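Small disclaimer: the values here were computed from a predicted structure and weren't measured.
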Amino acid sequence: MDIRELSHNLRKIYQEMSEAFSSYQTKTGWNCIAGCGRCCLNPDVEATPLEMLPMAFKLHEEGVLEEWLTKLETSPQKHCLAHVPGNESWQGKCGQYETRPSLCRMFGVAGYYDKNHSLTLSVCRDIKDAYQISEMPKNLSRDEVPMMSDWSLKMNALHPELLHHKMPINQALHAALM
């Protein structure tokens, strides 16, 4: 599979992922807070070069690849360079929303297995506060909850070697652009 086909197949997975997570958020009513960009400001967010391929191809098609390479190589900013700031320090949006990596699609409300192998939810602190979620629902059904592991397995099937080298998000984009 060539790199263009790999990116195309990943975008298909991203579309399915967006629909699944959006549907679950609509069902529960637990949506990201309008205008919130707090997760984008976290300098510890990691991704893999594979996850960044769709964004890299889009930047190439827009003719701004060199501009982004320079930005990635010279900016002292540690959080995601695709973040577009809002009016308040915690606000903002993704300037590359359509091609954002999988973590950005799964963050907010997602299922995972805890250390005891029990199904639980990962819910953003701001969503918990806004919707006054003090306790996670009991009797979660794996069929209802979008599971992080399911989507990781789908991406892994595309190219296992490229999915296992996590790095800070800006470095992952730089690697994908190269």
Side-chain angles (χ1 to χ4, degrees), residues 1-25 32 37 39-84 94-124 142-143 145-178:
M1 177 180 324
D2 73 2
I3 200 143
R4 189 171 297 279
E5 183 180 0
L6 184 61
S7 178
H8 175 74
N9 290 338
L10 185 56
R11 285 187 86 155
K12 282 195 238 178
I13 291 173
Y14 280 177
Q15 182 60 39
E16 292 172 23
M17 186 186 294
S18 291
E19 289 168 9
F21 281 84
S22 179
S23 174
Y24 188 72
Q25 286 181 322
C32 290
C39 56
C40 305
L41 298 171
N42 183 344
D44 298 324
V45 171
E46 292 184 326
T48 65
L50 173 66
E51 294 173 89
M52 303 307 287
L53 278 179
M55 188 182 299
F57 270 102
K58 181 177 178 251
L59 295 172
H60 173 71
E61 289 167 358
E62 292 173 346
V64 294
L65 186 140
E66 291 298 324
E67 177 184 327
W68 271 86
L69 277 173
T70 300
K71 192 168 156 179
L72 289 162
E73 291 167 358
T74 61
S75 176
Q77 181 173 305
K78 299 295 181 205
H79 64 272
C80 185
L81 285 171
H83 177 259
V84 178
C94 180
Q96 299 295 324
Y97 189 80
E98 290 177 22
T99 56
R100 70 197 185 282
S102 62
L103 174 68
C104 304
R105 293 166 189 277
M106 291 190 273
F107 192 78
V109 179
Y112 72 99
Y113 290 105
D114 66 16
K115 64 183 177 184
N116 299 317
H117 305 287
S118 296
L119 176 61
T120 190
L121 288 178
S122 171
V123 180
C124 159
R142 190 183 194 298
D143 296 331
V145 178
M147 298 293 294
M148 289 185 220
S149 56
D150 293 346
W151 297 103
S152 293
L153 286 172
K154 285 184 179 194
M155 291 185 300
N156 191 57
L158 292 177
H159 201 299
E161 298 85 37
L162 288 179
L163 193 63
H164 293 292
H165 189 62
K166 288 191 180 268
M167 55 186 71
I169 195 164
N170 293 330
Q171 287 179 19
L173 178 56
H174 187 270
L177 288 170
M178 299 302 287

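Qualifying salt bridge (Lys or Arg N to Asp or Glu O under 4.0 Å) partners for Lys71, counting only residues two or more places apart in sequence or in other chains: none. With sequence neighbours excluded, the residues forming a salt bridge (Lys or Arg N to Asp or Glu O under 4.0 Å) with Lys58 are Glu62, listed by chain and number. In this view, Asn42 satisfies the side-chain hydrogen bond (donor to acceptor under 3.5 Å, both in side chains) rule with no residue, not counting sequence neighbours. Under the rule for a salt bridge (Lys or Arg N to Asp or Glu O under 4.0 Å), Glu67 has no partner lying at least two apart in sequence or in another chain.
Shown here is Glu98, whose CD atom has no more than 12 heavy atoms of other residues, nucleotides or ligands within 6.0 Å.
Atom OH of Tyr14 and atom OG of Ser102 lie 4.5 Å apart (nearest 0.5 Å). Distance SG/Cys94 to CZ/Arg105: 9.0 Å, rounded to 0.5 Å. If you take CG on Leu103 and CD on Glu46, they are separated by 9.5 Å, rounding to the nearest 0.5 Å. The distance from the OG atom of Ser7 to the NE2 atom of His159 is 13.0 Å, given to the nearest 0.5 Å. Atom CE of Met106 is separated from atom OG of Ser122 by 10.0 Å, given to the nearest 0.5 angstrom. For the atom pair Glu51 CD and Leu173 CG, the distance stands at 12.0 Å (nearest 0.5 Å).
Considering all non-hydrogen atoms of both residues, Pro49 and Ala175 come closest at CG-CB, 3.8 Å. Residues Ile169 and Pro101 come closest through the heavy atom pair CD1-CG, 3.8 Å. Here the closest non-hydrogen pair linking Leu10 and Pro54 is CD2-CD, 3.6 Å. Nearest heavy atoms, Ala172 versus Ala47: CB-O, 3.6 Å.
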Between Leu50 and Leu6, is a side chain to side chain contact (heavy atoms under 4.5 Å, CB included) present by the stated rule, with each step listed?
CA-CA 9 Å; Leu50 173 66; Leu6 184 61; 3.7 Å; yes
Applying side chain to side chain contact (heavy atoms under 4.5 Å, CB included) to Lys154 and Met17, what does each step give before you reach the verdict?
CA-CA 10 Å; Lys154 285 184 179 194; Met17 186 186 294; over 6 Å; no
Hey, mind stepping through Leu119 and Tyr113 against side chain to side chain contact (heavy atoms under 4.5 Å, CB included) and telling me if it holds?
CA-CA 5 Å; Leu119 176 61; Tyr113 290 105; 4.1 Å; yes
Determine, step by step, whether Leu158 and Ile13 satisfy the side chain to side chain contact (heavy atoms under 4.5 Å, CB included) criterion, reporting the C-alpha distance in whole Å, the side-chain angles of both residues, the deciding distance to 0.1 Å, and the verdict.
CA-CA 10 Å; Leu158 292 177; Ile13 291 173; 3.6 Å; yes
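Residue pairs meeting the ring pair (Phe, Tyr, Trp, His ring centres under 6.0 Å) criterion with at least one member in residues 42-82, sequence neighbours excluded, are His79-His83. Among pairs with a residue in residues 165-178, those fulfilling side-chain hydrogen bond (donor to acceptor under 3.5 Å, both in side chains) read Glu73-His174, at least two apart in sequence or across chains.
A heavy-atom distance below 4.5 Å is not found between the side chains of Met52 and Leu177. By the 4.5 Å heavy-atom criterion applied to side chains, Ser75 and Leu81 are counted as neighbours.
With hydrogens and angles ignored, the 3.5 Å screen pairs a side-chain donor or acceptor of Gln77 with a backbone N or O of Cys80. Of the possible polar contacts, one joining the Asp114 side chain to the Asn116 backbone as a donor-acceptor pair under 3.5 Å is found. Between the side chain of Arg11 and the main chain of His8, no donor-acceptor pair closer than 3.5 Å is present.
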